[in-house]
Participant: 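For reference, the structure I am asking about is given below.
If you read the sequence from its start, that first residue is 1, and numbering goes on from there.
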Amino acid sequence: MTPIDVVEPAPSGSVAEADERRGLDELFRDLRTGSDGLTGRDATRRLISYGPNSLPAGGGPRYLRELLKQFTQPLAVLLLMAAALAWIGHTPTLAIAVLAVVVLNAAFAFVQEVQAERAVDALAAFLPATARVQRDGVRVDVAATDVVPGDLLVVTEGDRICADARIVEGDLQVDLSALNGESLPTARSASPGLVTGPLLEARNLVFSGTNCTGGEATATVVRTGASTELGRIAVLSRRGGTTPSPLELQVRRVTWLIAAVAVGVGIVFVPVGVAAGLGWAAAITFSIGLIVANVPEGLLPTITLALAAGVRELARSGAVVKRLSAIEALGSVSVICTDKTGTLTENRMRVTAVTFTGTELLAPDFSEANRGADGERLRRLARSAAACTSAEAPTTAHPQGSGDPTELALLTLAGDLGVGVDSDARKRTRRAVQRFDSHLHRMSTIDEGPDGLVLHTKGAPESVLSCCSQALDTDGSPRAFDADLRSALQATLDRWASRGLRVLAIARRPLSEEEADRPREELESGLVLLGLVGMVDPPRPGVSSAVEQAHRAGVRIHVVTGDYGPTAAEIARQVGIGTAASRILTGEDVDRLGDAALDAVLDTNSEIVFARSSPESKLRICEALQARGQVVAMTGDGVNDAPALRHADVGVAMGRSGTDVAREAATLVLTDDDFTTIVTAIAAGRLVFDNVRKFILYIFAHAVPELVPFLVFALSGGAVPLPLTVLQILAIDLGTETLPALALGREPAEPGLMTRPPRSRTSGVVDRPLLLRAWLLLGTTSAVLVMAAYFLVLHRAGWDPGDATGVGTPLHQAYLEATTTTFVGIVACQIGTAFAARTDRASLFAIGLRSNPLLLWGIAFEIAFTAAVVYLPWLQDVFGTRFLSLDQVAVILPFPFVVWGLDELHRLLRRRRHPVSDVPLTAPRTLTTSRRNS
């Protein structure tokens, strides 16, 4: 059939109507092409109509938007308001100090959080640079971007396919793993009949972004660019934005709450200050002090640094976190949706069973059998199987080898038995090859052996056995292939299939020179069966224990894979996911289920195997789980996984076997492709969340002793001079408290970290018990102590309420000493709070005083910084402090012990009221070890 040279209609009028499922004649008619392809003029016109064969470009960099976002955080806005008020109130030093805090916080958060969105660009990398097409009756190489619908594409072994196409002639082996997750290449060939079922399973279609691993064919291009399956996935990958992590949502709520409280307090007490006799300038300064006292300036950078520390920790364990908040989101994970191939398994086929007449061998016995009576038959089978391959065996330079995983497994078996096949020698002795045929389900090669030509055949058992008339007997001689032997082999096949094994039959027969030129159906007849080979992609070592650990932590695991359902279910059962009766749902099953029905399936406590999953079904599963309040971690390695990886709370991509697309869409990349690392990351995430609560408790506890002095000043109508200055508050919030807060972010895990259920999505990082403990117990205790010390210093100097303490008055020096006492007293209470905050329930003595050396160093810095502010003259002028005598210091020394002691008593009473037996820490050993080493 020749192409029809007519004016091309608009894209919507042709490609949209060109149905690749219909017969070729109808497809050619709709595409206005033929089996010879297009003319050059046709192709030029169509390129103008349809546009280049490329994926739509993603959005540009968002650096400016990300940077501006840091200045619109509620706390940042509050501090900017405070800086403006300070400038209006003619206190430029205070304004500059507050503004510097905002700029430093914003810059730090921007550097840590900014991340380019390159998932769509990575998808484009799957398209080849050039393609071979037939135009004007001649095969030519053109830029892949110039391929148009109607082109006749020529595909050969090793090509990367650049468009969706319908095979016209020939047979191919195509690696579709990037699109459907299949671990093995699939056969594709021309088929004149109608195509039914999912497009990816159509045996006469090939798709953009996939690789041809064998064969040669011509195919008519039906879809290009964004219209291809790859383009559709690109659109799905861009759907929606990045979902904020639970911590981000909770911190956002807390910061808005703090902002509302600070603004409310400031508005209320400005008129109070004026009514107390202050001028407007003093009232504004007073309002600024209230805002600064309420705003925990160090909260956001401390959270960011704690998350960054968790990121560094996980990197040592084989997990690279691309977004800081993902480390905490991992701690909230309640469901893991894991791929099978390469995550639960090793992503390499391995021969685990061999059978021939009268004997069945399992993998551990191969070496012993090779030395025994069955050795010759075993070697002959392995030699023939290895000869009938086109893969490249593993070498020192390429330890993984290259080619079909099934053939690599056969080559490895032959090498282990001492009959390995060198690829160069195989090429020299190979006379001909009959490539794998998707209809025949077998492959044959004709090779030169010591005794002449030999035909080697391998393939699906039902295909190869039908070509066999004999089988190799126990003594090495052929025997008739009778009904008893067939029955025995069928029983073996059934047993192996139930174990999830992929089975191949291996056969051979000698050929004469005349026979070598006969048709394939004559060559592949009268074969002698050498045996059956069973192989499997084995589970990774350690996965079973990691699954058990995840179950103890209350995390459910679903298998979402593109592989065959029973095989995936068997692997899942072997590693402890689900049971033998676990439900298996295909992508088609999920598509048929309505949202309510899918929710009902996922609401059960059972673990499910989702097989033959499409990108849409993976995305639906993820969204359905999230709608049920679950925090979802989704693993994947292929292009087809990108939309779900992007949409999940935590997208986990494989670093070794994964595609660039998956790695760009994910927030966590496993450098070792090991499921065990996910459980390690969950433990790290839980630990980070616990530690964030610890330093939030520590920071919030100081809001009360910082706020109370302003309240006393306002409520007294100015009769009590302000016990604390704004710059002293900044010295506390950004100077003395920062390092201890960061050290609390590195606390080792408390007992029971991985034996408690996951937190719900709605559980807050700040809850009522934390606030009561911070404000009522620790904060109030600290406020009482520091105000008592303040009044004691003033009383000793002879001060009475209402006495003047301004510059030039007799009491001014005593007033400066009193404010210094307040400042130092708050720092002393900080030390007690730091030790109290180290545990939520347990006693400090249970974890040891020295188990967090970073905290000890942080407290040492805190003491040194405080001493510098108090005793260095130039810092005294900046912060308004004065030298403290020994008796004044002696008053402050008990403060840490009082604060810590009362909290220790509180925790003791809690343990007695609600006893909980301690359980051993079940977090992975590497998590705790690396932390202590660091």
Side-chain angles (χ1 to χ4, degrees), residues 86 89-94 97-98 273 276-279 281-283 285-286 288-290 292-293 702 705-737 782-830 862-893 895:
H90 304 290
T91 52
T93 303
L94 177 59
V98 175
L278 299 175
T285 302
F286 171 70
I288 293 171
L290 286 176
V292 174
H702 308 142
E706 290 176 1
L707 181 62
V708 165
F710 288 90
L711 296 179
V712 170
F713 168 74
L715 294 176
S716 69
V720 176
L722 193 62
L724 194 66
T725 69
V726 175
L727 284 177
Q728 287 171 354
I729 291 176
L730 288 177
I732 294 169
D733 290 350
L734 297 176
T736 63
E737 87 173 6
S782 301
V784 169
L785 291 174
V786 298
M787 290 307 299
Y790 172 75
F791 284 120
L792 178 62
V793 172
L794 286 179
H795 176 70
R796 284 180 176 178
W799 170 85
D800 289 318
D803 289 350
T805 57
V807 178
T809 63
L811 291 174
H812 182 62
Q813 180 67 25
Y815 168 69
L816 293 178
E817 292 177 3
T819 57
T820 303
T821 302
T822 304
F823 166 69
V824 176
I826 292 177
V827 174
C829 291
Q830 276 184 327
E862 185 175 18
I863 295 172
F865 179 84
T866 304
V869 169
V870 172
Y871 295 110
L872 293 181
W874 65 276
L875 288 178
Q876 289 178 343
D877 295 338
V878 173
F879 291 99
T881 57
R882 285 299 180 268
F883 186 95
L884 292 184
S885 63
L886 288 178
D887 61 329
Q888 291 170 332
V889 172
V891 172
I892 298 171
L893 281 179
F895 287 7

Participant: Do Pro721 and Tyr790 come within less than 4.5 Å of each other through their side chains, counting heavy atoms only?
Facilitator: yes
Participant: Working to the nearest 0.5 Å, report the span between CG of Leu816 and CZ of Phe823.
Facilitator: 13.5 Å
Participant: Can you name the nearest heavy-atom pair linking Pro709 to Met787, along with the distance?
Facilitator: CG-SD, 4.0 Å
Participant: Can you give me the closest heavy-atom contact between Gly880 and Thr820, atom names plus distance?
Facilitator: O-OG1, 4.2 Å
Participant: State whether the side chain of Gln876 and the backbone N or O of Val869 hold a donor-acceptor pair below 3.5 Å, judged by distance alone.
Facilitator: no
Participant: The test is side chain to side chain contact (heavy atoms under 4.5 Å, CB included); show your working for Leu875 and Thr881 and say whether it passes.
Facilitator: CA-CA 8 Å; Leu875 288 178; Thr881 57; 5.9 Å; no
Participant: Test of understanding: with side-chain hydrogen bond (donor to acceptor under 3.5 Å, both in side chains), list the residues that count as partners of Asp887, not counting sequence neighbours.
Facilitator: Arg796, Ser885
Participant: Rounded to the nearest 0.5 Å, what's the gap from OG1 on Thr822 to CD on Glu706? Could you check?
Facilitator: 11.5 Å
Participant: Which value, rounded to the nearest 0.5 Å, describes the distance between Asp803 atom CG and Thr809 atom OG1?
Facilitator: 9.0 Å
Participant: Please say which of Ser782, Cys829, Pro723 ends up in a side chain to side chain contact (heavy atoms under 4.5 Å, CB included) with Pro705.
Facilitator: Ser782
Participant: Quick check for you: to the nearest 0.5 Å, what is the distance between Phe879 atom CZ and Trp874 atom CH2?
Facilitator: 8.0 Å
Participant: To the nearest 0.5 Å, what is the distance between CZ on Arg882 and OG1 on Thr821?
Facilitator: 13.0 Å
Participant: Could you check Ile826 against Leu724 for side chain to side chain contact (heavy atoms under 4.5 Å, CB included), going step by step and ending with a plain yes or no?
Facilitator: CA-CA 10 Å; Ile826 292 177; Leu724 194 66; 3.8 Å; yes
Participant: With rounding to the nearest 0.5 Å, note down the distance linking CD1 in Ile732 to NE2 in His702.
Facilitator: 8.5 Å
Participant: Quick one: does any side-chain atom of Tyr871 pair with a main-chain N or O of Leu884 as donor and acceptor, under 3.5 Å?
Facilitator: yes
Participant: Measure across Val708 and Ala783 and return the closest heavy-atom pair with its distance rounded to 0.1 Å.
Facilitator: CG2-CB, 3.9 Å
Participant: Measure the shortest side-chain to side-chain distance between Leu722 and Tyr815 over non-hydrogen atoms and say whether it is less than 4.5 angstrom.
Facilitator: yes
Participant: Could you tell me which residues satisfy side-chain hydrogen bond (donor to acceptor under 3.5 Å, both in side chains) with Thr736, sequence neighbours excluded, listed by chain and number?
Facilitator: Gln830
Participant: Looking at every non-hydrogen atom in both residues, tell me the closest pair between Ala828 and Phe895 and how far apart they are.
Facilitator: CB-CB, 3.9 Å
